Amino acid sequence: MMLWEQFDKNEIYILVMLVVAYATFFILPKKLPRDITLLFLIWGFSSSTLFDFTIGGGLMDFYKVNDSNKYEVTDLLTYILFATFGYFFVYFYQVLRINKKRFIPYVLGWTAIGLVMETVSKWMGVTHYQHGYILPYSIAVFLVVQTTTGLYFELIKRRMNLGK
Amino acid sequence: MGFSIFFLLTWLFCAVFTVIKKPLSIIENTAVYLIILILNINFAWIVNEELKFVTVTKVGIDYVPFLMNRSILMPLILLIYLNFLLRLDKTSYKAVVLTVASVSIMLGLSFLATFFKVTEYTKWTHGYDLIFFLVLHLIAFYTYKWFRQISNKVVHDL
């Protein structure tokens with residue numbers, strides 16, 4: 001594992017985003033218990049890891065993260081950044097009191113945010129598509145991840161008797 | 001053939017996990033699963049793709065068992081192991097038997113993967129697998145302990 005191939009705009013972008021995301025995480029008033037907060041940070045980290053190492057590497061290898069196909073520390077920082085998105089998804093789910101009626105617009109809204117973020121990531125050199133992959137394919141990834149996250153959070157709320 | 005065998009085993013372990021009594025809470029089960037998933041994926045990538053100690057098949061249908069084993073079977077076996085372990089009254093020889101059984105199943109899956117040419121060990125041995133699986137068992141156990149500690153301090157009322 002190397003630190004990075006070249007320290008340039010993608011590394012700077014990841015570091016800035018990390019500061020912004022974790023500052024927001026600490027500043028926002030806590031609305032979720034500690035164990036659920038930690039669980040969804042791990043959820044975000046593992047979702048990005050699972051997809052990157054399944055469709056973004058190995059046999060499919062549809063995209064390259066950061067400077068090379070080799071494992072860089074910057075890649076790890078990217079997954080640490082994604083951890084906060086798992087948390088923000090359920091945080092605002094709780095704050096905005098998402099219910100059955102609001103579920104679909106909420107997931108579609110996050111999918112739109114995901115597409116914008118991915119476009120920016122592409123500009124900043126964090127993601128590089130290859131082997132015929134194009135941005136709209138990520139819609140499937142976002143819809144699957146966010147729908148399962150929302151449904152799983154609903155299950156957790158019911159099991160742990162979390163208030164609405 | 002490898003695909004069918006691994007699919008059957010994945011289904012079987014999913015079914016076993018669904019029907020067993022689970023002393024771990026849903027949060028603890030999920031946390032252990034995800035931590036093991038992250039570690040297993042990263043370890044597999046470093047050993048296979050970075051160090052090239054193991055060659056993974058380039059044949060699509062044979063690659064699916066690799067994914068099932070890495071992302072579903074391994075974490076799930078550890079969850080089943082932990083849920084059985086915590087049902088034991090106290091630490092006893094049964095815990096040792098359970099650990100041996102769990103590690104043996106994982107090793108068996110590694111043998112199956114090499115048998116069906118899903119993976120080919122070049123600079124890797126099943127002895128290293130054994131060490132890795134034992135470490136995974138320890139990590140799974142301490143992840144559970146860590147989450148139990150956090151959950152015990154939390155009152156789930158918002």
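If you're wondering where the values come from, they're calculated on a predicted model, not measured in any experiment. Sequence lines set the chain letters: A, B, ... in the order given, protein chains first and strands last, and positions in each chain run from 1.
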[atom1] of [X] to [atom2] of [Y]: how many Å apart, nearest 0.5 Å?
X	Y	atom1	atom2	result
A:Leu39	B:Ile150	CG	CD1	10.0 Å
B:Thr30	A:Leu155	OG1	CG	8.0 Å
A:Asp52	B:Trp45	CG	CH2	9.5 Å
B:Leu67	A:Thr54	CG	OG1	5.5 Å
B:Ser151	A:Leu38	OG	CG	9.0 Å
B:Leu34	A:Leu41	CG	CG	11.5 Å

Provide the closest heavy-atom pair for A:Ser46 versus B:Ile38 in the form atom of the first, atom of the second, distance.
CB-CG1, 3.6 Å
Here the pair of heavy atoms bringing A:Ile36 nearest to B:Ile27 is CG1-CD1, 3.6 Å
Over 12 foreign heavy atoms within 6.0 Å of [atom1], [X]:
X	atom1	answer
B:Phe7	CZ	no
A:Tyr91	OH	yes
A:Met60	CE	yes
A:Tyr106	OH	yes
A:Leu96	CG	yes

Honestly, the part of B:Ser71 sitting under 4.5 Å from a heavy atom of chain A is side chain
Applying the 4.5 Å side-chain criterion to the ILVMFWY set and letting contacts propagate, would [X] and [Y] be lumped into a single cluster?
X	Y	answer
A:Ile134	A:Ile139	yes
B:Phe111	B:Leu136	no
B:Val96	B:Leu138	no
A:Phe45	A:Phe26	yes

Show your working on side-chain contact (heavy atoms from CB on, under 4.5 Å) between A:Met160 and B:Ile26 and close with a plain yes or no.
CA-CA 9 Å; A:Met160 310 309 284; B:Ile26 184 169; 4.1 Å; yes
Check: A:Tyr71 and B:Asn42 side chains under 4.5 Å, non-hydrogen atoms:
yes
Donor-acceptor pair between A:Arg159 and B:Ser25 side chains, under 3.5 angstrom:
no
Check each atom of A:Tyr152 against the heavy atoms of chain B and say whether the ones under 4.5 Å are side chain, backbone, both or neither.
side chain
